[in-house]
Number of protein chains: 2
Amino acid sequence: MPHPKFIAHLQAIEGLSDDERRQIAALPSTLRQVSDGEILLRQGEDASRCVFVVSGFLYQARIVGDRSQILAFHVPGNMPCLHTLLVSPMDADLVGLGPSIVGYVAHSPLKQLLDGSIHLTRAFWRETLIDAAISRQWIARLGAQAALPKVAHLICELAARLAVVGLVKNGRFQMPMTQRHVADACGLSIVHVNRTIQELRGRRLIAWEGSEIELLQLDELRALADFTPDYLT
Amino acid sequence: MPHPKFIAHLQAIEGLSDDERRQIAALPSTLRQVSDGEILLRQGEDASRCVFVVSGFLYQARIVGDRSQILAFHVPGNMPCLHTLLVSPMDADLVGLGPSIVGYVAHSPLKQLLDGSIHLTRAFWRETLIDAAISRQWIARLGAQAALPKVAHLICELAARLAVVGLVKNGRFQMPMTQRHVADACGLSIVHVNRTIQELRGRRLIAWEGSEIELLQLDELRALADFTPDYLT
DNA sequence: CGTAAGGTTGATCGTGTTCAACCACCGTGG
DNA sequence: CCACGGTGGTTGAACACGATCAACCTTACG
């Protein structure tokens, strides 16, 4: 039983039958520990297997000019490089964020499974469409929002995605990322991110100590961020 | 024979057999003129058919706060809202850019066709993955580039995408968008876009008169924009 | 003609960057 | 045990890129 969180996530997106769940669970997979900052897949590399997140976080980043831009975060239940199944070269580095556990599923058995089931293909296709919707939301954030809502929006998105897999308790969740990661994700300088977070703290919207974030006033935070969670499913 | 450009585009992405091409061409479709600024689909609307671009341009935009953010442009051969096949509500408005011609294919016959062919499903899935790769590139642009490379990159991307469908001749192509569209796509003010374009003109990288752009020094423009076209296929 | 839309220009303003320094924390090795 | 070096966080000051405001010009079109 290798990846219950991934199956649950898929289930939440597109209903699966018992049999389909069994078929996915039967896929051969291997688990592996990932340390903070470790690069799982490099930009340009041809992947021969898919990754799924069991615990911890991953992110995808690309060097553009002299800075690093984060393109996406991945929480438990996500399958970051599912698209390599059809378009093999990675267009960004896949990196561990904090100590994490990931699983690998080789492309060939997964392809075989999907070849045999239109409905499962649909489910996995849909998974990549959710990722695309998140990317589109990032475009809106990066292009049109000021620093404060940008950071607030990122926090709202991560909280909502973690909530789907049951990792938010009483408005609190583990957040191993540093202010540098937030800066690279939002296209801001690290200094300004620091001041922005202080502003969020000063307004009593969030508490962020160590690696734990607490959402103090979710509604106000979402209003500030112009956040609605519907695009995540 | 309703959508030769779309089939050619799909063909370029994933090889199709003669029979598959015939099947796609046999899909019932209707053509329609679209005027500049006309909204084909609204954010939140449930689409019951897919759109493909025959001639002209479309774009997707979303209002965020007090500004409009363009999320994507669509050139002839693209199928903008293919994802509505699996995730029906539109997450942005789909708008005509300049007078254009689009075609409609109802969801149900398309679903039926894909249900019968894993390979065609793969091909259409892959089409959406290319869109996702473009979105990811936009994230990198918006998050990490300065104004001049941002605008240069957008021009490079459109030129490369138009070249795939044979709409670039001697480095010249039709570009019906105004500076406002560029501003909304790049997250810049219209005034600054104007100055940026003048800078590009001043450096003899592009000529942009009326609705025609000419690329004067493609290599230099791409170097400035940090552009590589590989993500488009 | 009159009006609207797109484009251009100049001046001023402000958000976020850059540079620099300092602090707190923590694991490591002398 | 403490000195140390590294990482992440915090603060202040000066700067710059791009936004904003306002005006004017050209062109297209009714």
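Within every chain, numbering begins at 1; the chains are lettered A, B, ... in the order of the sequence lines, protein sequences first and strands thereafter.
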Q: Evaluate the ring planes of Phe6(A) and Phe124(A), with Trp represented by its six-membered ring, and classify them as parallel (under 30°), tilted (30 to 60°) or perpendicular (over 60°).
A: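 Rings of Phe6(A) and Phe124(A): tilted, 30 to 60°.
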
Q: Can you spot which of Ile70(B), Thr178(B), Ile190(B) makes a side chain to side chain contact (heavy atoms under 4.5 Å, CB included) with Asp184(B)?
A: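 Exactly one option meets the side chain to side chain contact (heavy atoms under 4.5 Å, CB included) with Asp184(B), and it is Ile70(B).
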
Q: For Asp36(A) and dC26(C), give me the distance from atom CG to atom P, rounded to whole Å.
A: 16 Å

Q | Whole-Å gap separating P (dT11(D)) and CD (Glu199(A)) | A | 13 Å

Q: Please find out if less than 6.0 Å separates the ring center of Tyr59(A) from that of His181(A).
A: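 That pair passes the under 6.0 Å test.
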
Q) Between the side chains of Trp138(B) and Glu157(B), does any donor sit under 3.5 Å from an acceptor? A)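 Side chains of Trp138(B) and Glu157(B): pair found under 3.5 Å.
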
**Q.** Pairing stems for DNA chain C [at least three consecutive pairs; Watson-Crick or G-U; under 3.5 angstrom]
**A.**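 Expected stems, ordered by start: C:1-26 with D:5-30, C:28-30 with D:1-3.
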
Q.
I want to check a possible cation-pi pair here: Arg222(B) against Phe227(B), using under 6.0 Å from ring centre and within 45° of the ring axis as the test.
A.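 Checked: cation-pi criterion not met.
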
Q. With a 4.0 Å cut-off, would you call Asp93(A) and Arg62(A) a salt bridge?
A. no

Q | Lys/Arg N to Asp/Glu carboxylate O, Glu38(A) vs Arg32(A), below 4.0 Å | A |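 Yes, this pair counts.
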
Q | Per-nucleotide protein contact string for nucleotides 7-17 of chain C, where B marks a base within reach and S marks sugar-phosphate only (heavy atoms under 4.0 Å, - for neither) | A | SBBBB----BB

**Q.** Beyond-backbone contact of Gln43(B) with Met90(B), side-chain heavy atoms, under 4.5 angstrom
**A.** no

